[in-house]
Visitor: 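The structure follows.
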Number of protein chains: 2
Amino acid sequence: MISQKAKYALRALIMLAREGEGASLQIGEIASGQSIPKKFLEQILLDLKRHGIVVSRRGKAGGYALLKRPDQITFGQVLRLIDGPIAPLPCLSRTAYRRCEDCSDESGCEIRQVFSRVAQSAREVLDRTTIADALGRGRPVVEIETFAEAEAITS
Amino acid sequence: MISQKAKYALRALIMLAREGEGASLQIGEIASGQSIPKKFLEQILLDLKRHGIVVSRRGKAGGYALLKRPDQITFGQVLRLIDGPIAPLPCLSRTAYRRCEDCSDESGCEIRQVFSRVAQSAREVLDRTTIADALGRGRPVVEIETFAEAEAITS
DNA sequence: ACTTTGTCTACCTAGTAGGTAGGCTTAATG
DNA sequence: CATTAAGCCTACCTACTAGGTAGACAAAGT
């Protein structure tokens with residue numbers, strides 16, 4: 001299950017993207033528009049800002065706007081930065097690999113083998129789908145044809 | 001991330017399956033063989049028993065054995081009974097559907113649409129792969145379709 | 001100055017993960 | 001029929017996390 005926080009983050013980004021290029025919204029507008037607790041959203045946006053996805057302006061008439069283009073923000077990125085690794089086992093994460101303590105033979109681990117397929121297909125969706133894709137009734141997801149291309153995205 | 005408990009359950013089932021048809025093992029044997037805390041494993045096996053996956057015999061020379069055939073026990077079943085729903089959103093679970101509180105229009109929800117693809121592919125793997133599949137060095141039941149997928153498995 | 005926005009730090013509460021402890025029941029076996 | 005070795009059951013514990021709240025401070029527009 002993805003966290004409430006990640007859902008809020010995605011909803012906020014989608015709302016900002018809908019606003020159009022360069023446009024900004026205030027925390028309060030997003031919060032009431034999406035029924036997100038305002039002070040909680042504050043922390044989330046701050047987090048997105050620290051990761052360079054969004055910019056803010058302070059003071060009267062301040063607010064938040066997207067820094068990256070909607071088609072350059074993937075669900076995977078957002079999810080990783082809010083919820084942590086996507087992989088179902090630490091030993092399968094590319095971005096935050098950790099050995100399983102109790103696993104003696106990683107490459108022979110049957111459980112790992114099965115879940116590696118789950119992880120792979122989850123990444124395939126999440127690292128390819130962008131905020132822009134989610135937005136319109138526009139075309140779903142672009143097919144990726146080469147392995148190199150997939151690698152580039154997954155980085 | 002799947003829980004430690006689910007991993008233990010799967011490892012115990014795999015070990016029992018390796019033992020062969022009708023054969024039984026004691027909690028202690030499984031616990032030490034797989035480095036699982038014994039009293040914790042006790043609870044897990046009890047749970048598997050209540051769900052009809054495993055049978056026990058009490059008293060001296062007791063132990064546990066598989067009740068279902070290894071090819072009739074899927075990873076999905078085990079995961080659901082230990083960790084709960086597989087779906088990344090409550091509103092996507094088939095076995096434990098729940099509306100998202102704060103979602104006004106479920107069918108139009110962009111987040112749901114994206115994650116439904118993740119859920120779908122996770123189910124595709126987990127509900128098809130059985131303990132028997134995990135066992136052998138034989139390849140899993142599901143066809144391998146993409147290069148990336150093949151990469152992931154051999155890695 | 002004053003007001004309205006974002007920023008930062010601290011804190012809170014319920015629930016869960018990952019176990020431990022210990023008494024009770026069942027069944028071989030000597 | 002007592003002993004002993006297994007599973008069964010209930011209770012409990014500790015650390016951590018999810019999902020927030022609270023409130024003082026800092027910048028910027030008017």
Side-chain angles (χ1 to χ4, degrees), chain A residues 1-12 16 23-32 34-67 79 81-85 88-90 100-102, chain B residues 1-12 16 23-32 34-67 79 81-85 88-90 96 98 100-102:
Chain A
M1 294 272 179
I2 77 170
S3 71
Q4 202 52 10
K5 198 168 172 183
K7 270 193 273 182
Y8 289 159
L10 289 168
R11 298 218 316 240
L16 280 170
S24 82
L25 288 172
Q26 298 186 343
I27 298 181
E29 296 178 290
I30 302 177
S32 63
Q34 304 289 324
S35 340
I36 303 174
K38 191 180 164 191
K39 292 297 269 180
F40 194 34
L41 178 59
E42 206 179 284
Q43 295 180 15
I44 295 169
L45 287 170
L46 226 32
D47 228 9
L48 294 175
K49 180 190 158 190
R50 291 193 193 102
H51 285 83
I53 294 182
V54 109
V55 270
S56 62
R57 266 184 43 187
R58 311 170 59 149
K60 203 161 182 171
Y64 278 92
L66 292 185
L67 177 55
L79 235 58
L81 110 222
I82 303 283
D83 281 355
L89 295 172
C100 289
E101 311 291 322
D102 51 354
Chain B
M1 294 275 179
I2 78 171
S3 69
Q4 202 52 11
K5 199 170 172 182
K7 270 192 273 182
Y8 289 160
L10 289 168
R11 298 218 314 242
L16 280 171
S24 82
L25 288 172
Q26 298 186 342
I27 298 182
E29 295 178 291
I30 303 177
S32 65
Q34 303 289 324
S35 344
I36 303 174
K38 189 180 165 193
K39 292 297 268 178
F40 194 31
L41 178 58
E42 204 180 286
Q43 296 180 15
I44 296 170
L45 287 170
L46 225 31
D47 227 8
L48 293 175
K49 180 189 157 191
R50 291 192 192 104
H51 285 83
I53 295 181
V54 109
V55 270
S56 62
R57 265 186 40 190
R58 313 172 58 153
K60 202 162 180 174
Y64 279 91
L66 291 187
L67 177 54
L79 234 59
L81 109 221
I82 303 283
D83 281 355
L89 295 172
R98 267 180 25 231
C100 289
E101 312 290 323
D102 50 354

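Predicted model, so just to flag it, every value in this text is computed and none were measured. Just so we're on the same page: letters track the sequence lines, and every chain starts at 1.
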Visitor: Starting from C1' on D:dA28, measure out to CD on A:Q26 and report it in whole angstrom.
Guide: 12 Å
Visitor: Could you write out DNA chain D as dot-bracket? Rules: Watson-Crick or G-U wobble, both distances under 3.5 Å, brackets [ ] for crossings, | for pairs with another strand, dot for unpaired.
Guide: ||||||||||||||||||||||||||||||
Visitor: Need one value for B:K49: base, sugar-phosphate or nothing, where a base atom within 4.0 Å counts as base even if backbone is also close, heavy atoms only.
Guide: sugar-phosphate
Visitor: So, using salt bridge (charged side-chain N to carboxylate O under 4.0 Å, His left out) as the criterion, who are the partners of B:E42 when residues are at least two apart?
Guide: B:K39
Visitor: Distances for protein N/O vs nucleotides 22-26 of chain D N/O pairs under 3.5 angstrom?
Guide:
unit_1	atom_1	unit_2	atom_2	d
D:dG23	O6	A:K39	NZ	2.4
D:dA26	N3	A:R58	NH2	3.4

Visitor: Counting side-chain heavy atoms from CB outward, which of C:dG6, C:dA28, D:dG7 is closest to B:K60?
Guide: C:dA28
Visitor: Please determine whether a side-chain nitrogen or oxygen atom of B:S56 lies at a distance below 4.0 Å from atom OP1 or OP2 of D:dC8.
Guide: yes
Visitor: Could you tell me which residues satisfy side-chain hydrogen bond (donor to acceptor under 3.5 Å, both in side chains) with A:Y8, sequence neighbours excluded, listed by chain and number?
Guide: A:Q4
Visitor: So A:L48 and A:L67, side chain to side chain contact (heavy atoms under 4.5 Å, CB included) or not? Walk me through it.
Guide: CA-CA 10 Å; A:L48 294 175; A:L67 177 55; over 6 Å; no
Visitor: Which heavy atom in A:L16 sits nearest to a heavy atom in A:A65, and how many Å separate them?
Guide: CD2-CA, 4.3 Å
Visitor: Please list, chain by chain and in numerical order, all residues satisfying side chain to side chain contact (heavy atoms under 4.5 Å, CB included) with A:K38, sequence neighbours excluded.
Guide: A:I27, A:A31
Visitor: Identify the two heavy atoms, one from A:Q26 and one from A:E29, that lie closest to each other, and give their separation to 0.1 Å.
Guide: N-OE1, 2.7 Å
Visitor: Can you check the B:D47 CG to C:dG19 P distance for me, whole Å?
Guide: 15 Å
Visitor: Please classify the nucleic acid contact of A:L45 as base, sugar-phosphate, or nothing, using heavy-atom distances under 4.0 Å.
Guide: nothing
Visitor: Quick one: side chain to side chain contact (heavy atoms under 4.5 Å, CB included) partners of B:Q34, sequence neighbours excluded?
Guide: B:R11, B:M15, B:I30, B:I36
Visitor: What's the CD1-C1' distance between A:I82 and D:dG20, to the nearest Å?
Guide: 14 Å
Visitor: Let me know the distance between CG of A:L41 and P of C:dT5, rounded to the nearest Å.
Guide: 15 Å
Visitor: Given atom CZ of A:R57 and atom P of C:dT4, what is their separation to the nearest angstrom?
Guide: 17 Å
Visitor: With sequence neighbours excluded, what pairs up with B:S3 under the side chain to side chain contact (heavy atoms under 4.5 Å, CB included) test?
Guide: B:K5, B:A6, B:I82, B:D83
Visitor: What pairs with B:A96 under side chain to side chain contact (heavy atoms under 4.5 Å, CB included), at least two apart in sequence or on another chain?
Guide: B:P85, B:S93
Visitor: Would you indicate which nucleotide in D:dC8, C:dG6, D:dG7 comes nearest to any side-chain atom of B:L46?
Guide: D:dC8
Visitor: For residues 51-59 of chain A, please give each side-chain donor-acceptor pair under 3.5 Å, one per line with the distance, not counting sequence neighbours.
Guide:
unit_1	atom_1	unit_2	atom_2	d
A:H51	ND1	A:D47	O	3.0
A:S56	OG	A:K49	NZ	3.4

Visitor: If I take atom CD1 in residue A:I27 and atom P in nucleotide C:dT7, what distance separates them, rounded to the nearest angstrom?
Guide: 7 Å
Visitor: Measure from the side-chain heavy atoms of B:R50 and tell me the nearest of D:dG20, D:dG7, D:dC9.
Guide: D:dC9
Visitor: Report which part of the nucleic acid A:G28 touches: base, sugar-phosphate, or nothing (heavy-atom distance under 4.0 Å, all strands).
Guide: nothing
Visitor: Protein-nucleotides 12-19 of chain D N/O pairs closer than 3.5 Å?
Guide:
unit_1	atom_1	unit_2	atom_2	d
D:dG19	OP2	A:Q4	N	3.2

Visitor: For A:C100 and B:K7, which heavy atoms make the closest approach, and how far apart are they?
Guide: SG-NZ, 3.7 Å
Visitor: Could you tell me the separation between the CD1 atom of B:I36 and the C1' atom of C:dT20, rounded to a whole number of Å?
Guide: 16 Å
Visitor: Please report the distance, rounded to the nearest Å, between CG in A:D102 and P in C:dG18.
Guide: 11 Å
